[in-house]
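The shown structure was predicted, so the numbers you read here are calculated from the model rather than taken from an experiment.
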Amino acid sequence: MEDFVDQGLRDSIAAAESPAWSVRAAAGRRLAAASRIERFGDVLHQLLLDGRDTGVTSDTAAALLARRDLAGLRAVLAARAVASDDGTADQLAAELDCDPRWATGQNADELIAQLRMLASDRDPAVRSEARLRLARLR
C-alpha cells in the first residue's frame, strides 16, 4: 500500500510542473492532503507561489489550511511572507483571511493559538507573518 501512496505522491510532484493550471492545482490539493507534507515542502511552496495562475495558489492554500494543523498554516504563512507578485500575495492573504475557522469562536481560538505558536517559529519569515496576522486582531 505504501508503494501505491508513494507513487501517487510522485505523480503529484511531477504534475506540479504541468503547463495546465488545473493539473498543478490538483497536484497542490493532493500533496496538501498527504500525511507528512514536510517531505515535499519545496513543491508545495512552488505551487503556493505559482506565477502563472492564482487558481493554483488558491487551491493549494485552501487545501493546506483545511488540514487545520501547524504544518499547513506554516506553509501558507511562509509563502505569503515571500510572495513578490502582488496577485499571488493578495491571493494568499485572502485565503488566510477567509479561513473558515474565523467563522466560529472555538475554531478561531484554535487558529489564534496556532498563530501564536508560529509567532516564535525558527523561520523569521513565518514568525513575521504570524505576528502580522496576530497584530491585525488587536
query: Do the side chains of Leu64 and Phe40 join up, straight or via other hydrophobic residues, at under 4.5 Å, putting them in one cluster?
result: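 Yes, it is one cluster - the side chains of Leu64 and Phe40 are joined through contacts under 4.5 Å.
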task: Consider only side-chain heavy atoms of I, L, V, M, F, W and Y, link residues closer than 4.5 Å, and tell whether Leu115 and Leu132 are in one cluster.
output: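 No, Leu115 does not connect to Leu132 through the hydrophobic network.
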List in chain and number order the residues that pass side-chain contact (heavy atoms from CB on, under 4.5 Å) with [X], two or more places apart in sequence or in another chain; answer none if no residue qualifies.
| X | answer |
| --- | --- |
| Ala113 | none |
| Ala20 | Ser18, Ser22, Val23 |
| Leu118 | Leu70, Leu73, Arg74, Leu77, Asp121, Val126, Ala130 |
| Ala79 | His45, Leu48, Leu49, Leu92 |

Show the nearest heavy-atom pair for residues [X] and [Y], with the distance to one decimal.
| X | Y | result |
| --- | --- | --- |
| Ala93 | Arg80 | CB-NE, 3.6 Å |
| Ser12 | Ala27 | O-CB, 3.3 Å |
| Gly55 | Ala25 | O-CB, 4.3 Å |
| Leu9 | Ala34 | CD2-CB, 3.9 Å |
| Glu38 | Ala71 | OE2-CB, 3.3 Å |
| Gln114 | Arg101 | OE1-NH1, 2.8 Å |

message: Walk me through whether Arg39 and Asp6 qualify under side chain to side chain contact (heavy atoms under 4.5 Å, CB included).
response: CA-CA 11 Å; Arg39 291 181 4 195; Asp6 284 345; 3.4 Å; yes
task: Could you tell me whether the side chain of Thr60 and the main chain of Thr57 form a donor-acceptor pair under 3.5 Å?
output: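 Not at all, since once roles are kept as given, no pair shorter than 3.5 Å links the two residues.
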Evaluation steps, side chain to side chain contact (heavy atoms under 4.5 Å, CB included), between Leu111 and Asn107: CA-CA 6 Å; Leu111 183 54; Asn107 290 336; over 6 Å; no
query: With Asp97, which residues qualify under salt bridge (Lys or Arg N to Asp or Glu O under 4.0 Å), at least two apart?
result: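 So Asp97 forms a salt bridge (Lys or Arg N to Asp or Glu O under 4.0 Å) with Arg133, Arg136.
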- prompt: Applying salt bridge (charged side-chain N to carboxylate O under 4.0 Å, His left out), which residue pairs with at least one partner in residues 13-37 are found, sequence neighbours left out?
  reply: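 For residues 13-37, and leaving out neighbouring residues, the salt bridge (charged side-chain N to carboxylate O under 4.0 Å, His left out) pairs sorted by first residue read Arg24-Asp50, Arg29-Asp59.
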message: For a side chain to side chain contact (heavy atoms under 4.5 Å, CB included) check, start with the C-alpha distance between Leu31 and Ile37, then their side-chain angles and the critical distance, and finish with the verdict.
response: CA-CA 7 Å; Leu31 292 172; Ile37 62 171; over 6 Å; no
- prompt: Does Arg52 CZ have over 12 foreign heavy atoms under 6.0 Å away?
  reply: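 Check passes, neighbour count above 12.
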- prompt: Do Glu95 and Gln91 have side-chain N/O donor and acceptor atoms under 3.5 Å apart?
  reply: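 Yes, side-chain donor-acceptor contact under 3.5 Å.
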